[in-house]
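A short worksheet on the structure shown next.
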Amino acid sequence: MSKKRSQENQDRQARLAAIQTQQRAGERKRNALIFGGIGAVILAVIIAVTIVIVQQVRVNNDREAEATQDIEGVQTFDDVAFEHVDGSVEYEQSPPVGGDHNAIWTNCGIYTEELPNENSVHSLEHGAVWITYQPDLDQAEIDALTELVGSRSYTLLSPYPGLDTPIAASAWGLQLKVDSADDPRLRTFLDKYIQGEQTREPGAACTGGLTPDGLASS
């Protein structure tokens, strides 16, 4: 009996060992599938992120390259005055691109009502770009301009009564007039002239100045 029991014990141990070996093999296979799948997902995410980054870098490089070129249609005004004065000022350009101005600048932002020239010109001196549009411009165009300006610093957006073109972009001593918000020159103008080389007072603030009473800003 002892030999028979010994043999049965050996057989049970052998079957148990075989089962354990099979289980471990199954676990290894499942782990390989699981981790292999996770690895594939991670790799796919890395590739996708890399593609997005590369595309964004390419877009940024293209925009920087465009910003170094002359922009067709931009008017340049030399020898612009820059004294601080009280009261109203008669400007040669409409909207103005510089000249004598108020000692307090207009805070940069998006406005839904007319802005005072004298304060906004001071913002241009600080390197801001002022996008203006005809008050009766189609709302879709205004929305497109709002999206274009977005959260950019050193920008003003406002309606401008009497504007002789649908949209105008002004920087210190520079101006571009266009017919539509989707004109690609507008974006290039912003890229090139926000705090651009024309800025008379680089680094000067476009906040902490004047937010005209009753005007909405964002």
Side-chain angles (χ1 to χ4, degrees), residues 67 71 73-135 137 141-178 181 183 185-218:
I71 303 172
V74 170
Q75 294 179 281
T76 301
F77 303 91
D78 299 321
D79 301 323
V80 180
F82 50 83
E83 298 296 331
H84 289 178
V85 297
D86 295 324
S88 61
V89 178
E90 292 293 328
Y91 290 101
E92 296 182 14
Q93 299 82 34
S94 181
V97 298
D100 293 338
H101 51 271
N102 194 279
I104 302 174
W105 56 90
T106 301
N107 288 331
C108 286
I110 297 171
Y111 294 88
T112 58
E113 300 292 342
E114 182 181 0
L115 294 177
N117 283 333
E118 292 78 13
N119 303 93
S120 301
V121 166
H122 196 156
S123 301
L124 300 185
E125 187 179 41
H126 288 188
V129 168
W130 187 10
I131 304 292
T132 50
Y133 57 87
Q134 293 175 338
L137 189 68
E141 289 281 284
I142 297 174
D143 291 343
L145 291 174
T146 300
E147 182 177 355
L148 176 64
V149 170
S151 60
R152 292 175 186 257
S153 59
Y154 288 89
T155 54
L156 292 165
L157 175 65
S158 71
Y160 197 91
L163 188 60
D164 61 0
T165 190
I167 301 165
S170 305
W172 186 268
L174 301 157
Q175 192 166 79
L176 172 69
K177 294 185 174 181
V178 300
D183 192 312
R185 292 176 296 169
L186 279 176
R187 182 181 297 277
T188 304
F189 192 95
L190 289 167
D191 291 338
K192 184 169 186 174
Y193 295 120
I194 290 176
Q195 287 281 280
E197 60 182 13
Q198 85 289 342
T199 303
R200 290 201 68 256
E201 297 181 1
C206 206
T207 57
L210 172 73
T211 298
D213 291 340
L215 298 189
S217 165
S218 61

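Everything numeric in this text was worked out from a predicted model, so none of it was measured. Excluded from the calculations below are hydrogen atoms, water molecules and symmetry mates; all remaining heavy atoms, backbone and side chain alike, are included.
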Test side chain to side chain contact (heavy atoms under 4.5 Å, CB included) on Arg187 and Leu148 and set out the steps. CA-CA 7 Å; Arg187 182 181 297 277; Leu148 176 64; 3.7 Å; yes

Apply side chain to side chain contact (heavy atoms under 4.5 Å, CB included) to residues Trp172 and Thr199 and explain how you reach the verdict. CA-CA 7 Å; Trp172 186 268; Thr199 303; over 6 Å; no

What are the two closest non-hydrogen atoms of [X] and [Y], and how far apart are they?
X	Y	value
Gln134	Leu163	NE2-O, 3.1 Å
Ser120	Leu156	CB-CD1, 4.1 Å
Tyr154	Gly203	OH-O, 4.0 Å
Ala181	Leu186	O-CD1, 3.8 Å
Trp105	Thr207	NE1-O, 3.1 Å
Asp100	Ala81	OD1-CB, 3.3 Å

Approximate separation, where rounding is to 0.5 Å, of [X] [atom1] and [Y] [atom2]:
X	Y	atom1	atom2	result
Leu157	Cys108	CG	SG	11.5 Å
Arg185	Ile167	CZ	CD1	11.0 Å
Ile142	Glu147	CD1	CD	14.0 Å
Thr132	Lys177	OG1	NZ	8.0 Å
Ser88	Asn117	OG	CG	10.0 Å
Leu176	Thr188	CG	OG1	9.5 Å

Using side-chain hydrogen bond (donor to acceptor under 3.5 Å, both in side chains) as the criterion, point out the one residue from Gln93, Gln175, Gln75 that pairs with Ser170.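 Testing each of Gln93, Gln175, Gln75 against Ser170, the sole residue satisfying side-chain hydrogen bond (donor to acceptor under 3.5 Å, both in side chains) is Gln175.
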
Is Glu118 reaching over with its side chain to a backbone N or O of Val89, donor-acceptor style, under 3.5 angstrom?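 Yes: the side chain of Glu118 pairs with the backbone of Val89.
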
Please tell me if the side chains of Pro135 and Tyr160 come closer than 4.5 Å, counting only heavy atoms from C-beta onward.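 Side chain of Pro135 against side chain of Tyr160, heavy atoms only: no contact under 4.5 Å found.
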
Do Tyr193 and Gln198 come close enough that some side-chain heavy atom pair is under 4.5 Å?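 A side-chain contact exists here, since the closest heavy-atom pair is under 4.5 Å.
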
Decide side chain to side chain contact (heavy atoms under 4.5 Å, CB included) for Leu174 and Phe77; before the verdict, give the C-alpha distance in whole Å, the side-chain angles of both, and the deciding distance to 0.1 Å. CA-CA 6 Å; Leu174 301 157; Phe77 303 91; over 6 Å; no

Would you please test Val121 and Val97 for side chain to side chain contact (heavy atoms under 4.5 Å, CB included) and show each step? CA-CA 7 Å; Val121 166; Val97 298; over 6 Å; no

Ignoring hydrogens and geometry beyond distance, is a side-chain donor-acceptor pair present between Thr211 and Asn107 at under 3.5 Å? yes

Sequence neighbours excluded and cut-off under 3.5 Å, please list the side-chain donor-acceptor pairs for residues 122-131, or say none.
from, atom 1, to, atom 2, distance (Å)
His122, ND1, Asn102, O, 2.8
His122, ND1, Ala103, O, 3.2
His122, NE2, His126, NE2, 3.0
Ser123, OG, Thr106, N, 3.1
Ser123, OG, Thr106, O, 2.6
Glu125, OE1, His101, NE2, 2.9
Glu125, OE2, Arg200, NH1, 2.5
His126, ND1, Ala205, O, 2.5
His126, NE2, Glu201, OE1, 3.1
Trp130, NE1, Ser158, OG, 3.0

